[in-house]
Enquirer: 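Structure incoming, see below.
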Amino acid sequence: MTPDYLERLNSEQREAVETLDGPLLVLAGAGTGKTRVLTTRFAHLLMTGRAQPHQVLSVTFTNKAAREMRERVGAIIQRPVDGLWLGTFHALAARMLRRNPEFVGLKSDFTILDTDDQARLLKQVAEAGNLDTKRWPVNGLMGVIQRWKDRGLTPERVTPAEDTDFANNRALEFYANYQDRLRALNAADFGDLTLHVTEILRTQPDVLERYHRLFRYILVDEYQDTNLVQYLWLRLLAQGHRNICCVGDDDQSIYSWRGAEIENILRFEKDFPGAKIVRLESNYRSTQHILAAASGLIAHNEGRLGKTLRTGGNAAAGELVKVLSLWDSEEEARMVGERVEGARRAGESLGEMAILVRAGFQTRAFEERLITLGLPYRVVGGAKFYERAEIRDAMAYFRATVQPADDLAFERIVNQPKRGLGDTAMREMQALARARGIPLLLAADALCQEAALRPKPRAALRELLESFTRWRAGLDREGHVVVAANILEESGYIEMWKQDRTPEAAGRLENLKELLRAMADYPSMGGFLEHVALVMDNDSDAEGERICLMTLHAAKGLEFDRVFLPGWEEGLFPHQRALDESGTRGLEEERRLAYVGITRARRHCIISHAANRRIYGNWSSAIPSRFLDELPAEHIERQGSQAAARTPAFSGQFPLTTRPARVIEAPAWEVPTRPVRAGALQPGQRVFHQKFGYGRITGVEDDKLDVEFEKAGHKRVLDRFVESA
DNA sequence: TCCAAAGCTTTTTTT
DNA sequence: AAGCTTTGGA
């Protein structure tokens, strides 16, 4: 008898679930039930007695995906899920590393550094090595090191031939020093987590053996996003039994800039001989036009594994994908706002709409517009809670309390609030710490004992050190939440913000309270720190229906009834930097990103571009994205002002060769900005323009005006874009 | 040691 | 346009 959880699958999904032995690659197109396959497969392994829950290693990329899978698996197996090896690459690697830290010179309570700490530490290393940071920015060095880490290269494994593109071949030297510093601090950065674990599995056969015995089955989500270390890690773990199932979609590979290698998925059959490939091609999400538009676009990419998405079930043709041409980014924001409002009036839920942008800065214009219209929204990603200064400071206090050797944390708050411990005092502490090879905190203590420093800073330092001792002792007695509150109070940190008269101060205090509330959910201060280091999101408030604003990257894996895709302009999307740095590969990745965007939509997809946009505070003109021309004409509908769709004559770029036949003139409500009464426009007339401000008409030709603007000088503009003033 | 002003970069995307 | 870092003065 077939269990009903299998009955609910279509034949391709079922094949993906029931193929349990040997390597399996599931090519899962957008909206084809990927998560369902993963979770059902997990359940099936348990139901058939192939494995116990803890014998399955399930790897995801995002915490969100891990959380979702955990919930669904929990619902299926109806057992506690806490012992599961289910999480992100980084969380799972951290867990393994905490069990075997000695092989890479760490202790099991090592600190996980965030990007900020990483940068500061590397900067110190670079300065210690007299790197000319004007000529060779530390950011670049960080990139080089990260790329090595992404490829599984410890300093010992980097060959001199690979150390050619930074500071006269000195990158390797800095890399080695940086890793030494990390070890001395008992710390690991993000890249280290997978790097170290892979190194351990490579060099410690008995550790590897242990994990082979433990993990009978491996499930990997978003395989197209794995980088080389992650791939090596998986391959090592899968060597024993070869029961590895990777789910992914080469058309949704959008993380090459983070070291992801699309080759990993393209090469799967070679890496795992005898691998079976199952394609999930029935899409249950989008209407026919949306699917066809996405498919038509992605067909312009080469070197795909090849999949044909078809509508599963009985999807309707739906409405055409809309392509709107707007005058500028402000009008684009206005238009999107109006459409959102209109859709809501027609009964659609805001929670089922999303505005997906290429780059974070684009959200701002929409936010402003939505605020004006009084429409509730939520920015996903964006400035994160744990990245705010006050939260970082508080966390640094906590870290230095739990982990006295955490120099970076100590350094951050020594003089925060001001205690008169500036550069001079700091330099002395560092000198002593380096000389004796001890943590900063101990060096500071020694300085106090030895009556070094001037009396005032010394007294301040002594008080701080005594406080830390007291707080540390309090952890066992009073509990971590009480101690945390004491720390913020007694250190004067709260007081500092209370005294602060800037408008943000109140919000910061509020955030600190929120931080303490969040900490109460964790058993210890250390546990909380680990959570924050790895998860870095506190998505507490999902309450209320809000329209989502986020980047295309952040939108992967989500779906909405109505999706807005603004900013489809050359330079922005495809992004200039992607083109400059990675050429055709970059362009293809941008195209995949566009594909991801369109396939997020269930029923309505509205793409737009603006002829003018403010970049770095200056207005510049932009031509429509080439992706617009790659959308199959029979599935789209063009709207908006012709003027905007036309290539601006003054842009240095080559004009688009074809304009699709289907151009629909804007309905009245879409005509940009307040129209002027007929006949009012004559030379001498004073006018106002949204962007250029006030000016006087010097000439009229058809619908074009020559205007001498007071601020912007002489411009030729369309009459629709000015109003009489 | 601290503060204010000036100048300079930034904006691709994230665990 | 804004945020950050550097610089110069008190």
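Just so you know, these numbers use all the heavy atoms, side chains as well, and skip hydrogens, waters and symmetry mates. On a predicted model such as this, the values are computed, not experimentally measured, just so you know. Each chain gets a letter, A, B and so on, in the order its sequence line appears, and its residues count up from 1.
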Enquirer: Kindly state which residues belonging to residues 249-259 of chain A come within less than 4.0 angstrom of DNA chain B, counting heavy atoms of the residue only, listed by number.
Expert: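 Result for residues 249-259 of chain A: A:Tyr255, A:Trp257, A:Arg258, sorted by number.
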Enquirer: Choose from B:dT15, B:dT11, B:dT14 the nucleotide whose nearest atom is closest to any side-chain atom of A:Thr551.
Expert: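 Nearest nucleotide to the side chain: B:dT14.
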Enquirer: Using a 3.5 Å distance criterion without hydrogens, assess whether the side chain of A:Asp192 forms a donor-acceptor pair with backbone atoms of A:His196.
Expert: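 Absent.
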Enquirer: So, does A:Glu559 use its side chain to make a donor-acceptor pair with the main chain of A:Ala601 at under 3.5 Å?
Expert: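 Flag not set: sc A:Glu559 to bb A:Ala601 has no pair under 3.5 Å.
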Enquirer: Is the shortest side-chain heavy-atom distance between A:Thr551 and A:Leu356 below 4.5 Å?
Expert: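 With C-beta onward as the side chain, the pair stays apart.
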Enquirer: Might you work through the ring-ring contact (aromatic ring centres under 6.0 Å, His included) test for A:His553 and A:Tyr255, ending with a clear yes or no?
Expert: CA-CA 8 Å; A:His553 284 86; A:Tyr255 282 109; 5.2 Å; yes
Enquirer: Output yes when a side-chain donor or acceptor of A:Gln362 lies under 3.5 Å from a complementary backbone atom of A:Ala359, and no otherwise.
Expert: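 Judged by distance alone, yes, a pair lies under 3.5 Å.
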Enquirer: In dot-bracket form, 5' to 3', how is DNA chain B paired? Count Watson-Crick and G-U wobble pairs only if both distances fall under 3.5 Å, and write | where the partner sits on another strand.
Expert: ||||||||||.....
Enquirer: Is A:Gly191 touching bases, backbone alone, or none of the nucleic acid, heavy atoms closer than 4.0 Å?
Expert: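 Answer is nothing: A:Gly191 stays at 4.0 Å or more from every strand.
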Enquirer: Where each residue is assigned the nucleotide of DNA chain B containing its nearest heavy atom, which of A:Leu593 and A:Gly422 is assigned the position nearer the 5′ end?
Expert: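 Its nearest nucleotide lies further toward 5', so the answer is A:Gly422.
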Enquirer: What does A:Asn618 touch in the nucleic acid at a heavy-atom separation under 4.0 angstrom: a base, only the sugar-phosphate, or nothing?
Expert: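 No contact.
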Enquirer: Give a yes or no on whether the backbone of A:Ser253 and the side-chain of A:Arg592 come within a donor-acceptor separation of less than 3.5 Å.
Expert: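 Confirmed, A:Arg592 side chain pairs with A:Ser253 backbone.
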Enquirer: Counting any heavy atom closer than 4.0 Å, what does A:Glu581 reach on the DNA or RNA strands: base, sugar-phosphate only, or nothing?
Expert: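 Base contact.
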Enquirer: For a quick check of understanding: with a heavy-atom distance under 4.0 Å over all strands, which category does A:Arg364 fall into, base, sugar-phosphate or nothing?
Expert: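 Sugar-phosphate: the residue A:Arg364, judged by heavy atoms under 4.0 Å, touches backbone atoms but no base.
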Enquirer: With a sphere of 6.0 Å drawn around CD of A:Glu463, does it hold more than 12 non-hydrogen atoms of other residues, nucleotides or ligands?
Expert: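 Open.
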Enquirer: NA contact type, A:His575, heavy-atom cut-off 4.0 Å: base, sugar-phosphate, or nothing?
Expert: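 Sugar-phosphate only.
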Enquirer: In terms of side-chain geometry, is the basic nitrogen of A:Arg585 or A:Glu588 positioned less than 4.0 Å from the acidic oxygen of its partner?
Expert: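 Salt bridge between A:Arg585 and A:Glu588, a charged N being under 4.0 Å from a carboxylate O: no.
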Enquirer: Using a heavy-atom cut-off of under 4.0 Å over every strand shown, decide if A:Phe61 touches base, sugar-phosphate, or nothing.
Expert: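 Contact class for A:Phe61: sugar-phosphate only.
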Enquirer: Is it true that a side-chain atom of A:His300 and a backbone atom of A:Leu297 form a donor plus acceptor pair closer than 3.5 Å?
Expert: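 The answer is yes, because a donor-acceptor pair under 3.5 Å joins these two groups.
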Enquirer: In whole angstrom, give the distance that lies between atom CG of A:Leu113 and atom P of B:dT14.
Expert: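 To the nearest whole Å, that distance equals 21 Å.
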Enquirer: How close or far is atom P of C:dA1 from atom CZ of A:Arg613, stated in whole angstroms?
Expert: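 To the nearest whole Å, that distance equals 16 Å.
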Enquirer: For a quick check of understanding: with a heavy-atom distance under 4.0 Å over all strands, which category does A:Ala91 fall into, base, sugar-phosphate or nothing?
Expert: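 Result for A:Ala91 = nothing.
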